[in-house]
Number of protein chains: 2
Amino acid sequence: MAESVSKHDVFQAIADPTRRRLLRLLGDQEMSVTIISGHFTMSRTAVSKHLRVLADAGLVKDQKVGRETRYRLDPEPLLELKKWLSYYERFWENKLFSLKRYVESDDPAVMESFPPLRVYMENEE
Amino acid sequence: MAESVSKHDVFQAIADPTRRRLLRLLGDQEMSVTIISGHFTMSRTAVSKHLRVLADAGLVKDQKVGRETRYRLDPEPLLELKKWLSYYERFWENKLFSLKRYVESDDPAVMESFPPLRVYMENEE
DNA sequence: AAATTACGAAACAATTTGGTTTCATTTAAT
DNA sequence: ATTAAATGAAACCAAATTGTTTCGTAATTT
């Protein structure tokens, strides 16, 4: 299961809004480059380059069929993102959730569910 | 709950590996700019600019304390990412999970759990 | 066989990004 | 009152990003 080191990483790949639109589009259906670029105002070549970035990140796969190249979504690399995000779950669970309760409750006792404020330390790590 | 339109979006903000390291660092503890930049080889000013990008995306909050500026994580904007990602859950649940079962099972009957291949249509949307 | 279609490569340009060094300002320490 | 520390703003630079147009090539139609 060796993760091949891709030229572009997922974080980089999804940073661009056009590429996020592409992923959505290809989630519905496999499509040729010309059909895909019909959904955008930019040139076909520009779309093609975005597809290349997505392919380098492993987010899409391409397949030659006759003279056309069809792209389809491969969501697998998004698992890395999911994993990265999961680290921050605890912050939502602790801080934000209790904050929401506090804001919505009007009950000062709820304040106790807050974790103590962190102390600023000079020598961390 | 009007989402203020931030100058930088979350996707953009987390695209840079340095900024992802910053988020991790600030998750542990609130810190001053000097202390933070002590964790990086680049200049303090460079780190400061990364912090600015994160702040523009709402991912960190800053607070002036005397002559120093302390930054802390604000994970809330990551919920947008989580929401975006959730769209792709169905793909993992369908395609990948069944693929994994297929690959690992050696049982050709498992093949039936695959959804039919999508037909290429000229006129979508 | 000739024309058309689908596509990527290449060269180019504008803008953004990610870094630097220098400088001014505010606050704290001596 | 000076000096030192903490920081952001500004000017600058190299490289990457995002787009364009032009061209060549392979496959399909006519």
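Letters A, B, ... mirror the listed sequences (proteins, then strands); counts begin at 1.
Between Leu59(B) and Leu22(B), every side-chain heavy-atom pair lies at or beyond the 4.5 Å cut-off.
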For nucleotides 14-24 of chain C, 5' to 3', base contacts (B), sugar-phosphate-only contacts (S) and non-contacts (-) with protein non-hydrogen atoms under 4.0 Å give ---SSBBBB--
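An OP1 or OP2 oxygen of dC7(C) is reached within less than 4.0 angstrom by no side-chain nitrogen or oxygen of Ser48(A). Put simply, Tyr71(A) has no side-chain N or O that comes within less than 4.0 Å of OP1 or OP2 on dA6(C).
The side-chain contact (heavy atoms from CB on, under 4.5 Å) test with Arg19(A) is passed by exactly one of Ile14(A), Val53(A), Leu51(A), Val47(A): Val53(A).
DNA chain D is contacted by both Thr69(B) and Gly66(A); Thr69(B) maps to the nucleotide lying nearer its 5′ end (nearest heavy atom per residue).
Computed from coordinates, the Leu51(A) CG to dG19(D) P distance equals 12 Å when rounded to whole Å. In this structure, Lys64(B) atom NZ and dA28(C) atom C1' are separated by 12 Å, rounded to whole Å. In this structure, CD1 of Ile36(B) is placed 16 Å from C1' of dA5(D), rounded to the nearest angstrom. Per the geometry, CZ belonging to Phe11(A) stands 21 Å off P belonging to dA16(D), to the nearest Å. Nucleotide dA6(D) holds its C1' atom 15 Å from the CD atom of Gln63(B), rounded to whole Å. For the pair Arg52(A) CZ and dT17(D) C1', the computed distance is 15 Å after rounding to whole Å. Distance CD (Glu68(A)) to C1' (dT4(C)): 14 Å, rounded to an integer number of Å. For the pair Leu22(A) CG and dG19(D) C1', the computed distance is 14 Å after rounding to whole Å.
The base of dT26(C) lies outside donor-acceptor range of the side chain of Arg67(B), with no N or O pair under 3.5 Å.
The ring-ring contact (aromatic ring centres under 6.0 Å, His included) analysis of residues 59-86 of chain B, with sequence neighbours excluded, yields the pairs Phe11(B)-Trp84(B), Trp84(B)-Tyr88(B).
Scanning for salt bridge (charged side-chain N to carboxylate O under 4.0 Å, His left out) contacts around Lys49(A) gives an empty result, with sequence neighbours left out. Every residue meeting the side chain to side chain contact (heavy atoms under 4.5 Å, CB included) condition with Thr45(B), not counting sequence neighbours, appears here in chain and number order: Ser43(B). Applying the side chain to side chain contact (heavy atoms under 4.5 Å, CB included) rule to Ala55(B) yields the partners Val60(B); only residues at least two apart in sequence or on another chain are considered. Annotation: side-chain hydrogen bond (donor to acceptor under 3.5 Å, both in side chains) contacts of Lys61(A) (sequence neighbours excluded): none.
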